Amino acid sequence: MTEGLQHMSRYSAAEIEAKWQEAWDKAEIFRASRSADKPKYYVLEMFPYPSGRIHMGHVRNYTMGDVIARYKLSTGHNVLHPMGWDAFGMPAENAAMAIGGHPKDWTYSNIADMRAQMKPLGLSIDWSREFATCDPEYYGQQQALFLDMLEKGLVYRKNAVVNWDPVDMTVLANEQVENGRGWRSGALVERRELTQWFFRISDFAEDLLEALDGLDNWPAKVKLMQANWIGRSRGLQFGFSLVDAPDGHDRIEVYTTRPDTLMGASFVGISPDHPLARQLEKDNADLAAFNAECRRMGTSEEELEKAEKKGFDTGLRVRHPFDTAWELPVYIANFILMDYGTGAIFGCPAHDQRDLDFANKYGLPVASTFEPEKPEDGFKRPEDGGAAYVPPKSEKVRYVKGFAGDELQSGEAAVEAAIDFCEANGVGQGVTKYRLRDWGLSRQRYWGCPIPVIHCEACGVVPEAKENLPIRLPDDVTFDQPGNPLDRHPTWRDCTCPACGAPARRETDTMDTFVDSSWYFARFTAPHATTPTDMAEAEYWMNVDQYIGGIEHAILHLLYSRFFARAMQLTGHLPAKAIEPFDALFTQGMVTHEIYQTRDANGRPVYHLPEDVEGGKLIATGETVEIIPSAKMSKSKKNVVDPVTIIRAFGADTARWFVLSDSPPERDVEWTAAGAEAAFRHLARVHRIVTEAAASDAAPNADDEALLREMHKAIHDVTSGVESFGFNAAIARLYAFTNTLSKSQAGGDARREAARALVQLMSPMTPHLSEELWSVLGGEGLVANAAWPQADEAMLVDETVIMPIQINGKRRAEITVPKDMDKSEVEKQALATDAVRKALDGAQPKKVIVVPGRIVNVVV
RNA sequence: GCCCAAGUGGCGGAACGGUAGACGCAGGGGAUUCAAAAUCCCCCGCCGCAAGGCGUGUGGGUUCGAAUCCCACCUUGGGCACCA
């Protein structure tokens, strides 16, 4: 190698990356506008919360989107690839409380920082469409959407419980409740009812469930999680009549999905928030104390379900619907949700473990209604000390106390038969219910989108006039005391009623930040429109062709967005085709890192940044660190690697290549320093190999065809890898092809052709390096704009194949045969191998399976 | 507690129901070098001298053939409606 070539082949990422980012900017190749002559392609990654620093999770997420965007650009698509900021939320207020300053300044300064950290990644983003959800231009349009939804009856007010901190006198998020106490005050948290705004998402439950079927390019697991969340069930709703009914409560309405177990009923349970429970607590101090204790729990379902199951006997009795002489006790139970069903259940201990535990605890009867068709040895009925018998739905059981004797029935048929029987006998109706609850959007916080309504003494709740939008957040607020600054602002709340003109009070609740992220994808199609969307733009760009983000958003964000797409259609802001806004969804895994830990004098763990550790020792002191297995990168564990540091050390292409290479995209990837260095060395090697190929003057020769065959196979494999999110496999294929090119003795022209393909195939992952090498190879224009290489089908198939020969499923030999050899001839050759002859020892094989082109299995 | 996933060499992982371990990292050996770095070449699941045997979280099952399909369990991760 000559001195000159050595110099030429040195890989300087910093130089290359700055140069080509400038070239892309200048050519404006990522600026998206409608065009009739190309198919559109909208690729979107879930937009970031502006915490202040980008992290490797962002790098991974946006690199994956960028690979798709750049690949689609190369295949002749008109690509929309925007970026924005999910900018409202609690952390900005927390920062204002902790360090002073204003949430707005904190947020916009974080956005500026993160944009500056993100740009060096070389993402193919149309930055002209950037917005933050805290821009008044954005949240003003969101207020307009809200008013349209209000007019259509998609929003309403009702009471709902929140976590209340009685010391700070403020509402707490579930995250701010630690072991039942407020995170700042340490006070025991209470549940408190407030009047709040709700979206009628549950009206769409059936549609949101049914439409999942059409989402062919969504992960099955996400669809399943959403289906279970919506939770359609078929059951019976009926009433237990009360013996000695208190005023206004002659019945307790109950919903059950297992009416076939009605004859095993043992008690009736009601929620502590049930109207009957609330009435009883007025004249029963013990009962009131029990209810109060129940309400001291937080509002999360997890907390409720994990808590010890407790009940309180109200002393009331109800009559069994099929035997009025049979009376059941009524308990208040802490595990019954007022939000689901009717807030009341009947307990059947024989067929529900929770009810059985409850019955045992309070000495209530247990009676089986059915038992297994064929009881296994040792089967014990629950009343004889066995566990609750809960058969799978499809399993047939024998009824011992059913509605019509002891017939056999599977669960589902039995439920339908029970509903029919009950309806025929005037006991309740069969109904379909959903677990999905309406979406409470009110937040008693400052840093969110103000809800644009006015409270007037005379007119009640009045929508703000649209011409007054946006209702801007006031800047002159302080965070030196807990609670919502909008509530204590001297003038902001004051307004006049749009209906009667009298002095009135503005709503001080703001919207849940999930509202902001439920329609941003639509706003990107016309980010500067003076209405929420521009129908012509939405008609052209929607739907999002590929949406990419974390699995943690599988339920809430995606379900809310699907609801919003429907609501925006009903209010005329999205076309009918956008009813399901995301055609394809991909959920990527996290970036993890080992955790390095030492102990302080008191034995408490002290965490250390990876950059402060080398060879298992602290660089500063030489102290040995304890290595804790890889976990999600988090500031508290200090197991974070700053993308900015990596880009400075190795370049963006190395960071991009590494986050894509080491794990399947849907799984977690562990960041390792060794892996990053290896990625960099590989890119430098590609730089060297391609530079050499560009200068090669070797004559055409016999090796040319083999190299070009490998090239076409690589084109085929990498293309299908990119299209199916098999980025790690595509990169493994690129390693192999690079090795082939490096070792090939082919002529200069063939090597240059192969090198050009290599550079193009790498270009979605390492766009800067590819751009540089494309120009070294004399490619025309920018590789970003060049047409994607096509694999020649004829070059993909080899003439001969190696077929393994198995004996009883174990590989024992192999034969090399022409690829289309006749089955019987393959069998003949397989039987002639030494291994098979030895195994048969003269006998006939029991069976021979020949899978053409793949394998032969001889059964002896 | 409930819902959803994932478990394969020392490590990350590959593998239309068809040769388990591609590719990469780490490790070992060699070449080059005054030396080192860089680079290049070779080896590398476990046990065994070998023949061979064992191997994809555990235990069953279906199949000519299972990492892959089914059942049960274990462990780890995500979500549980006010974190985003």
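Bear in mind the structure is a predicted one, so any value in this text is a computation, not a measurement. Residue numbers start from 1 in every chain, and the chains themselves are labelled A, B, ... in the order their sequence lines are given, proteins ahead of strands.
A heavy-atom distance below 4.0 Å to RNA chain B is reached by these residues of residues 669-682 of chain A, ordered by number: A/Ala674, A/Ala678, A/Arg681. Within residues 83-90 of chain A, the residues approaching RNA chain B are A/Asp86, A/Gly89, A/Met90, by heavy-atom distance under 4.0 Å.
The gap from the P atom of B/rC44 to that of B/rG28 amounts to 16 Å, rounded to the nearest Å. Comparing B/rU68 with B/rC16, their P atoms sit 13 Å apart, to the nearest whole Å. The same atom, C1', is picked in B/rC42 and in B/rC46; the two are 22 Å apart, to the nearest Å. B/rA38 sits 11 Å from B/rU33 when the C1' atoms are compared, rounded to a whole Å. Distance check on atom C1': B/rG17 versus B/rC70 gives 13 Å, rounded to whole Å. Using P as the reference atom, B/rC73 and B/rC80 are 25 Å apart when rounded to the nearest Å. Nucleotides B/rA20 and B/rA14 are separated by 9 Å at their C1' atoms, to the nearest Å. On the P atoms, B/rC11 is 14 Å away from B/rC47, given to the nearest whole Å.
Spacing between atom CD1 of A/Ile855 and atom C1' of B/rA20 amounts to 12 Å, rounded to whole angstrom units. Following rounding to the nearest Å, A/Leu558 (CG) and B/rC4 (P) show an atom-to-atom distance of 17 Å. At whole-Å resolution of the value, CG in A/Asp509 and P in B/rC82 are 13 Å apart. A/Tyr560 places its OH atom 12 Å from the P atom of B/rA84, with the value rounded to the nearest Å. Summarising the geometry, the separation between CD1 on A/Ile731 and C1' on B/rA14 is reported as 14 Å, rounded to the nearest angstrom. The distance between atom CG of A/Leu304 and atom P of B/rC80, rounded to the nearest whole Å, is 15 Å. At whole-Å resolution of the value, CZ in A/Arg437 and P in B/rC80 are 12 Å apart. Distance A/Lys810 NZ to B/rC54 P: 5 Å, rounded to the nearest Å.
Under 3.5 Å, the side chain of A/Asn228 and the base of B/rC3 form no donor-acceptor pair of N or O atoms. With hydrogens and angles ignored, no donor-acceptor pair closer than 3.5 Å exists between the side chain of A/Arg733 and the base of B/rC23. The base of B/rC2 has none of its N or O atoms less than 3.5 Å from a complementary donor or acceptor on the side chain of A/Glu301.
B/rA15 makes up no base pair with any nucleotide shown, lacking Watson-Crick or G-U wobble contacts both under 3.5 Å. Nucleotide B/rC54 forms a pair with B/rG45, judged by Watson-Crick or G-U wobble geometry with both contacts under 3.5 Å. Here B/rC69 sits opposite B/rG61 as a Watson-Crick or G-U wobble pair (both hydrogen-bonding atom distances under 3.5 Å). With a cut-off of 3.5 Å on both Watson-Crick or G-U wobble distances, the partner of B/rG7 is given as B/rC74. Summarising the base pairing, B/rU32 is matched to no nucleotide, lacking a Watson-Crick or G-U wobble pair whose two defining distances lie under 3.5 Å. Across all strands shown, B/rG79 is found opposite B/rC2 as a Watson-Crick or G-U wobble partner, with both distances under 3.5 Å.
Within 4.0 Å (heavy atoms only), A/Ser661 reaches no atom of the nucleic acid at all. Among the atoms of the strands shown, only primed sugar atoms or phosphate atoms (P, OP1, OP2) are found under 4.0 Å from some heavy atom of A/Arg812. A/Pro664 comes within contact range of the sugar-phosphate backbone alone, with a heavy-atom separation under 4.0 Å but no base atom that close. Across all strands, A/Lys223 comes closer than 4.0 Å to no nucleic acid atom at all (heavy-atom distances). Across all strands, A/Val171 comes closer than 4.0 Å to base atoms (heavy-atom distances). Using a 4.0 Å heavy-atom distance criterion, A/Leu734 is classed as making no nucleic acid contact.
For A/Phe650 and A/Phe658, the ring centers sit 6.0 Å or farther from each other. A centroid separation of less than 6.0 Å is found between the aromatic rings of A/Phe727 and A/Phe725. Checked against a 6.0 Å centroid threshold, the rings of A/Phe680 and A/Tyr11 count as neighbours. Checked against the 6.0 Å centroid criterion, the rings of A/Phe88 and A/Tyr139 qualify as a close aromatic pair. For A/Tyr138 and A/Trp519, the ring centers sit closer than 6.0 Å to each other.
A residue-by-residue look at A/Ala732 and A/Glu305 shows that A/Glu305 has its nearest nucleotide of RNA chain B further toward the 5' end. Residue whose closest nucleotide on RNA chain B sits further toward the 5' end, between A/Glu552 and A/Met225: A/Met225.
Aromatic ring orientation, A/His58 versus A/His55: parallel (interplanar angle below 30°, classes split at 30° and 60°). Classification of the A/Phe199-A/Phe563 ring pair by plane angle, with boundaries at 30° and 60°, yields tilted. Using cut-offs of 30° and 60° for the angle between ring planes, the A/Tyr547 and A/His557 rings count as tilted.
Environment of NZ in A/Lys309: crowded, with over 12 heavy atoms of neighbouring residues, nucleotides or ligands closer than 6.0 Å.
No option in A/Leu734, A/Asp653, A/Leu660, A/Val686 other than A/Asp653 meets the side-chain contact (heavy atoms from CB on, under 4.5 Å) test with A/Thr766.
When each of B/rC23, B/rC64, B/rG12 is scored by its nearest atom to the side-chain atoms of A/Ser663, the top-ranked nucleotide is B/rG12. For A/Arg811, the listed nucleotide lying nearest its side chain is B/rU19; candidates were B/rU19, B/rG12, B/rG18. The A/Leu224 side chain lies nearest to B/rA5 when the options are B/rG18, B/rG78, B/rA5. The side chain of A/Ala173 lies closest to B/rC83 when the candidates are B/rC23, B/rC83, B/rA5. When each of B/rA84, B/rC16, B/rC82 is scored by its nearest atom to the side-chain atoms of A/Asn174, the top-ranked nucleotide is B/rC82. With B/rC40, B/rA5, B/rA84 as the choices, the nucleotide that has an atom nearest any side-chain atom of A/Lys221 turns out to be B/rA5.
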If the sugar-phosphate is the primed atoms plus P, OP1 and OP2 and the base is the rest, what is the B/S/- string for nucleotides 66-77 of chain B, using protein heavy atoms under 4.0 Å? ------------

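With salt bridges taken as basic N to acidic carboxylate O contacts below 4.0 Å, none links A/Lys158 and A/Glu193. Comment: A/Glu308 engages A/Lys361 in a salt bridge, judged by a side-chain N to carboxylate O separation of less than 4.0 angstrom. Ion pairing of A/Asp662 with A/Arg60 is absent here, as no side-chain N (NZ or NE/NH1/NH2) approaches a carboxylate O to less than 4.0 Å.
With rounding to the nearest 0.5 Å, the separation of CD1 in A/Ile230 from CD1 in A/Ile555 is 9.5 Å.
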Could you check A/Asp273 against A/Arg191 for salt bridge (Lys or Arg N to Asp or Glu O under 4.0 Å), going step by step and ending with a plain yes or no? CA-CA 10 Å; A/Asp273 299 318; A/Arg191 288 206 303 241; 3.3 Å; yes

Mind running salt bridge (Lys or Arg N to Asp or Glu O under 4.0 Å) on A/Glu301 and A/Arg435 for me, showing each step along the way? CA-CA 12 Å; A/Glu301 190 178 322; A/Arg435 204 185 75 100; 3.3 Å; yes

